Amino acid sequence: MPPTLASLVQHSALKLTVRAGADRLDTPVRWAHASELADPVRYMEGGELLLVTATNLDAESPEGMQRYVRRLAGSGVVGVGFAVGVNYDAVPKALIDAAEEAGLPLIEVPRRTPFIAIAKAVSSEIAADQYRAVTAGFEAQRELTRAALAGDGPGELLGRLAAHVDGWAALYDASGAVVAAAPDWAARRAARLTPDVERLRDRPAPASVVVGGNEDRVELQSLGTGRRARGALAVGTGSALGTAERYAVHSAVALLTLTTARSRSLQGAEQRLGAAVLRMLLAGQPDHARAVAGDLYGGLLDAPFRLLIAEASEPSTTAQLAEAMESAAARSGETVLMVPEGERLVVLAADGGAAVAACTGYAETQEERPAHEPAGDTQVVVGLSAPAGPIAVSAAYKQAEQALSVARRRGRALVEHEELATGSVLPLLADDAVRAFADAMLRPLYEHDTKGRGDLVASLRAWLSHHGQWDAAAADLGVHRHTLRYRMRRVEEILGRSLDDPDSRMELWLALKVTSPPTAS
């Protein structure tokens, strides 16, 4: 604790006596300063014990002392030490009354106690407090370092940090999600600060901000040394941090930053191993892949998983998706295999797990973007395979590729392969190239019909829908079957195609499905 007026009064060698403000002696003293100026305020910083002999003061003037004391109290002076036996044999009543009225502690200094002795006592206590703070800080650093080296995750480090600051601590990942907190109850408190962490993340590291409410005062510190923070540390306390507590927080930031950097190096090695496992799976070598995967990815290969391919024009955009999936997987204890391929990201993740759910949520967020905020070229497009196992990774990769192609064509953020397998083939043809082909193929028939020469388009649709059955199609149209036969011959003549050719019938049927009659000009 820093020196206070109480500790100085209790100092046996100083022989100080309290004459006013006895209820305010717990105020910390930053320094002791002697001044005989009638108005020393301009030379004060706040927190000083002002020592005076009243050489230039009329200390017996009530009005003068009231003005003098009010000025001192307003400037942050924490107390006045008045030396008796120099200019006044006792502390003047006018000064005592003014100090009582202003609530400013007034201390009588006996003649035999020099001001320098008081200054030395203050300086000595400040130095001792700083030494205690540094010592406590080094001890905290040793404890936190041991916790970081234990390899049991950040929980132990956060627990020791929370004990040192007599508060709570929480660690956030790059996405702003809470990774760990100590004590356990602090996780809910920390989660409410995610918007503040996200704002801090957008600033170059290192960065910090103080937030708080009625519950506590919270310092947020970014982790990392690059342009983008790799996480954040929150420390909640009942009041501002002291010197020792700040040493502990700075040590925790340094250790967590180093841990984050080490984790990213390990992550790079894991990605290289994951790429090798994926190549073996795609080559149809599941046994070799499982042997290489070991404990790292072996659990993932033992249960159904999904393969997804994400694509964007900017690698940083797929990196954001990767961070979201990694964070979700880490919180749920899942294993996820990620292989960046330039602007693409290939992922194996547990079917029905948190990583796949995070990917789906990320895609939904993009699709919900307001119309006045176009996604642009940075939007991620994802294709997701059906559930698969190690022997079917090659097929799953093709499924994800197909789903990705459909998502890109439809302007969707994510398409699952099941949508293609259970839905209609017609939506797959709903792009400009297919419509242009269909319009060009059927335009002669539409033009023929608009001139009032017959209803060839309707007749063709009825004939194809009844699988070339003349009587059924003619009945549907309300015409004689000979009339229908004539119309089908005209269709063949106009289009230059034989209706006996199954490919022609298929193309005409699909063209009828995706096109519409041209508007009259």
Side-chain angles (χ1 to χ4, degrees), residues 267-312 318-319 321-330 332-364 380-410 412-429:
Q267 185 183 43
E270 290 176 0
Q271 283 185 350
R272 291 189 291 274
L273 180 61
V277 171
L278 181 61
R279 285 196 298 271
M280 292 178 185
L281 291 171
L282 291 174
Q285 300 174 343
D287 293 337
H288 290 167
R290 191 181 296 277
V292 172
D295 294 334
L296 183 59
Y297 295 116
L300 176 62
L301 303 183
D302 291 335
F305 53 77
R306 297 286 192 111
L307 188 147
L308 70 88
I309 302 175
E311 185 178 78
T318 52
L321 172 60
E323 286 182 357
M325 295 182 67
E326 284 178 340
S327 298
S332 64
E334 293 177 10
T335 300
V336 60
L337 188 156
M338 294 189 176
V339 181
E341 296 180 349
E343 298 169 356
R344 278 190 166 198
L345 178 70
V346 182
V347 181
L348 290 184
D351 179 36
V356 173
C359 177
T360 303
Y362 189 91
E364 289 176 351
V380 173
V381 181
V382 181
L384 187 61
S385 78
I391 63 173
V393 172
S394 181
Y397 191 92
K398 291 179 181 177
Q399 291 176 355
E401 283 271 20
Q402 292 166 353
L404 177 67
S405 177
V406 172
R408 197 185 302 115
R409 200 160 55 238
R410 293 184 185 176
R412 295 266 304 278
L414 183 145
V415 168
E416 297 188 37
H417 187 264
E418 284 93 331
E419 296 180 43
L420 311 184
T422 59
S424 170
V425 73
L426 294 177
L428 305 181
L429 305 177

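All values reported here derive from a predicted model rather than from experimental measurement.
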*Do NZ/NE/NH1/NH2 and the carboxylate oxygens of Arg306 and Glu334 come within less than 4.0 Å?*
no
*Can you tell if the side chain of Val356 reaches within under 4.5 Å of the side chain of Leu384, non-hydrogen atoms only?*
yes
*asked:* Could you measure the distance from the CD atom of Glu323 to the CE atom of Met338? Nearest 0.5 Å is fine.
replied: 9.5 Å
*asked:* Under a 3.5 Å distance rule, please check whether Ser405 uses its side chain to pair with a backbone N or O of Glu401 as donor and acceptor.
replied: no
*Residues in side-chain hydrogen bond (donor to acceptor under 3.5 Å, both in side chains) with Tyr362, at least two apart?*
Gln320
*If you take all heavy atoms of Pro286 and Leu281, which pair is closest and at what distance?*
CA-CD2, 4.0 Å
*Nearest heavy-atom pair of Val381 and Ala407: which atoms, and what distance?*
CG1-CB, 3.6 Å
*Under 4.5 Å between any side-chain heavy atoms of Glu343 and Thr318, yes or no?*
no
*Minimum heavy-atom separation for Ser332 to Ala354, with atom names?*
OG-CB, 3.4 Å
*Say you draw a straight line from CG of Asp287 to CD1 of Ile391; how long is it, rounded to the nearest 0.5 Å?*
10.5 Å
*Any chance you could measure Gln399, atom CD, to Leu308, atom CG, to the nearest 0.5 Å?*
13.0 Å
*asked:* Tell me which one of Leu348, Val277, Leu278 satisfies side-chain contact (heavy atoms from CB on, under 4.5 Å) with Val339.
replied: Leu278
*Heavy-atom closest pair, residues Leu300 and Ala350*: CD1-N, 3.7 Å
*asked:* Do Glu418 and Pro387 have side chains that approach each other closer than 4.5 Å (heavy atoms only, starting at C-beta)?
replied: yes
*Please name the residue in the list Arg290, Met280, Arg279 that meets the side-chain contact (heavy atoms from CB on, under 4.5 Å) test with Gln285.*
Met280
*Say whether, by atom type as modelled, one donor and one acceptor occur between the side chain of Ser385 and the main chain of Leu307 under 3.5 angstrom.*
yes
*Looking only at heavy atoms, which two atoms of Ala363 and Ala413 are closest? And how far apart?*
O-CB, 3.6 Å
*Identify the heavy atoms of Val336 and Tyr297 that sit nearest to each other, and give their distance.*
O-CE2, 3.6 Å
